[in-house]
Amino acid sequence: MSGRDQLEALRQAIEESEYTVALGGSGLLEESGYLVMKNPDKAYDLEIKYGISPEYIYSSAYYNTRIDKFYDFYKNEMVGEELEPNEAYMALAAMEKAGKLQCMVESNVYELPRRAGMKNVISLHGSVYKNICPHCREEYSLDYIRSAKKVPLCRKCNTVIRPQVSLYGEMVDSQIMTKTTEEVAKADLLLLLGTSVESHIYKNYIRYFNGRTLAVIREEPHYSDEKADIAVYGPLREVLPELGF
């Protein structure tokens, strides 16, 4: 089928589905302007800048042993500026409001679906907006983290504040994993947005999908797209609004 035919097939699948779940990948995040460390060009630039792999800097091992350098990277590269949800997220929020999207699963830590107005969202890897003192459990805003001159410390007990995000090397919370599996298993239609069937983040969840239609929407084709029923290519910020919600 042509690209236009694939888009029309997707519209029909959405209309016929009684339970639709979307999995948002790095392609969706990158289109909103946020750092995607798996982007080879950006990873290379960051490694030149910091002298070490950005994936290693953003790991539990590095956090536990070089907290000052971790926060230097985190504040400058991860949360240096606040970007708004783009047209793709606004279209997804409109789908949910219309009753045509029942759950959104996101691997990013910026709460973009919620900030776009979505309600039923699973954030696999936590949120930069939630920051807690591991000693006294005092909570802190992202602005407090950003404004700290060096490592952000708790005002009450002087302990280093911990962003509530999953770093490389850490397991996703088991309750979140179970909830994601349950949502995928319930879906008639599963939308893979800016990701693929072979995604290392979503692959183990996708195998629980037993619904009617698996649809991929991404910028460029991927060899695993042959496993999908529908594949639509193009920027998500352009494709998703075309669905008409």
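The residues of the chain are indexed from 1 along the displayed sequence.
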Using side-chain hydrogen bond (donor to acceptor under 3.5 Å, both in side chains) as the criterion, point out the one residue from Glu111, Arg114, Glu106 that pairs with Ser123.
->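 The side-chain hydrogen bond (donor to acceptor under 3.5 Å, both in side chains) with Ser123 is passed solely by Arg114 among Glu111, Arg114, Glu106.
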Does the side chain of [X] reach to within under 4.5 Å of the side chain of [Y], using non-hydrogen atoms?
| X | Y | result |
| --- | --- | --- |
| Pro85 | Tyr110 | no |
| Tyr205 | Glu183 | no |
| Glu198 | His222 | yes |
| Glu84 | Arg115 | yes |
| Val184 | Leu23 | yes |
| Ile145 | Pro163 | no |
| Val109 | Ser127 | no |
| Glu242 | Leu7 | yes |

Nearest heavy-atom pair of [X] and [Y]: which atoms, and what distance?
| X | Y | value |
| --- | --- | --- |
| Cys157 | Cys133 | SG-SG, 3.4 Å |
| Leu124 | Thr180 | CD2-OG1, 3.4 Å |
| Ile176 | Ile122 | CG2-CG2, 3.7 Å |
| Phe245 | Ala91 | CB-O, 4.4 Å |
| Ile57 | Lys69 | CG2-O, 4.5 Å |
| Glu82 | Tyr129 | OE2-OH, 2.7 Å |

Any donor-acceptor N/O pair, [X] side chain to [Y] backbone, under 3.5 Å:
| X | Y | result |
| --- | --- | --- |
| Tyr144 | Leu153 | yes |
| Tyr34 | Leu83 | yes |
| Tyr202 | Gly25 | no |
| Glu238 | Pro235 | no |
| Ser17 | Ala13 | no |
| Lys75 | Lys150 | yes |
| Gln102 | Thr20 | yes |
| Glu18 | Asp188 | no |
| Arg155 | Glu138 | no |
| Glu31 | Leu236 | yes |

Leu192 pairs by side chain to side chain contact (heavy atoms under 4.5 Å, CB included) with which of Leu214, Ile217, Asp225?
->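 With Leu192 as partner, side chain to side chain contact (heavy atoms under 4.5 Å, CB included) holds for just one option, Leu214.
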Of Thr159, Val160, Ile161, which meets side chain to side chain contact (heavy atoms under 4.5 Å, CB included) against Pro134?
->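 Of the listed options, the one satisfying the test is Thr159.
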Distance in Å, [X] [atom1] paired with [Y] [atom2], rounded so as to fall on 0.5 Å steps:
| X | Y | atom1 | atom2 | result |
| --- | --- | --- | --- | --- |
| Lys49 | Phe73 | NZ | CZ | 9.0 Å |
| Leu243 | Leu10 | CG | CG | 5.0 Å |
| Cys103 | Met118 | SG | CE | 7.5 Å |
| Leu189 | Phe209 | CG | CZ | 6.5 Å |
| Gln164 | His125 | CD | NE2 | 14.5 Å |
| Thr195 | Lys203 | OG1 | NZ | 12.0 Å |

Mind running side-chain contact (heavy atoms from CB on, under 4.5 Å) on Met78 and Val128 for me, showing each step along the way?
-> CA-CA 9 Å; Met78 298 290 296; Val128 298; 5.5 Å; no
Steps toward salt bridge (charged side-chain N to carboxylate O under 4.0 Å, His left out) verdict (Asp143, Arg146) | CA-CA 5 Å; Asp143 286 338; Arg146 286 189 178 122; 3.4 Å; yes
Same cluster for Val79 and Tyr168 if Ile/Leu/Val/Met/Phe/Trp/Tyr side chains link at under 4.5 Å?
->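 Looking at the clustering, Tyr168 is in the same group as Val79.
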Is there a path from Leu167 to Ile132 through hydrophobic residues (I, L, V, M, F, W, Y) whose side chains come within less than 4.5 Å of each other?
->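 Cluster IDs for Leu167 and Ile132 differ.
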What's the verdict on salt bridge (charged side-chain N to carboxylate O under 4.0 Å, His left out) for Glu15 and Arg11, showing C-alpha distance, side-chain angles and the deciding distance?
-> CA-CA 6 Å; Glu15 185 61 34; Arg11 285 197 191 101; over 6 Å; no
Begin with the C-alpha distance, continue with both residues' side-chain angles, and end with the deciding distance and a verdict on side-chain contact (heavy atoms from CB on, under 4.5 Å) for Glu219 and Tyr233.
-> CA-CA 5 Å; Glu219 180 86 36; Tyr233 302 116; over 6 Å; no
Take the angle between the ring planes of Tyr71 and Tyr74 and call it parallel below 30°, perpendicular above 60°, tilted in between.
->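 Tyr71 and Tyr74: perpendicular rings.
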NZ (Lys130) with more than 12 external heavy atoms under 6.0 Å |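 No.
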Passes side-chain contact (heavy atoms from CB on, under 4.5 Å), Cys154 versus Tyr140? Steps please.
-> CA-CA 8 Å; Cys154 178; Tyr140 291 90; 3.1 Å; yes
Derivation of the side-chain contact (heavy atoms from CB on, under 4.5 Å) call for Glu30 and Lys42 | CA-CA 11 Å; Glu30 195 164 25; Lys42 291 184 179 179; 3.9 Å; yes
Going by atom types alone, do Tyr50 and Glu77 pair a side-chain donor with an acceptor below 3.5 Å?
->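 There is such a pair (donor and acceptor under 3.5 Å, judged by atom type) between the side chains of Tyr50 and Glu77.
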What do you reckon, are the aromatic ring centroids of Tyr62 and Tyr56 less than 6.0 Å apart?
->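 For Tyr62 and Tyr56, the ring centres are under 6.0 Å apart.
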Determine, for Tyr63 and Arg162, whether the Lys NZ or Arg CZ falls below 6.0 Å from the six-membered ring centre while staying within 45 degrees of the axis.
->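 Judged by the rule (NZ or CZ under 6.0 Å from the ring centre, within 45° of its axis), Arg162 counts as positioned above Tyr63.
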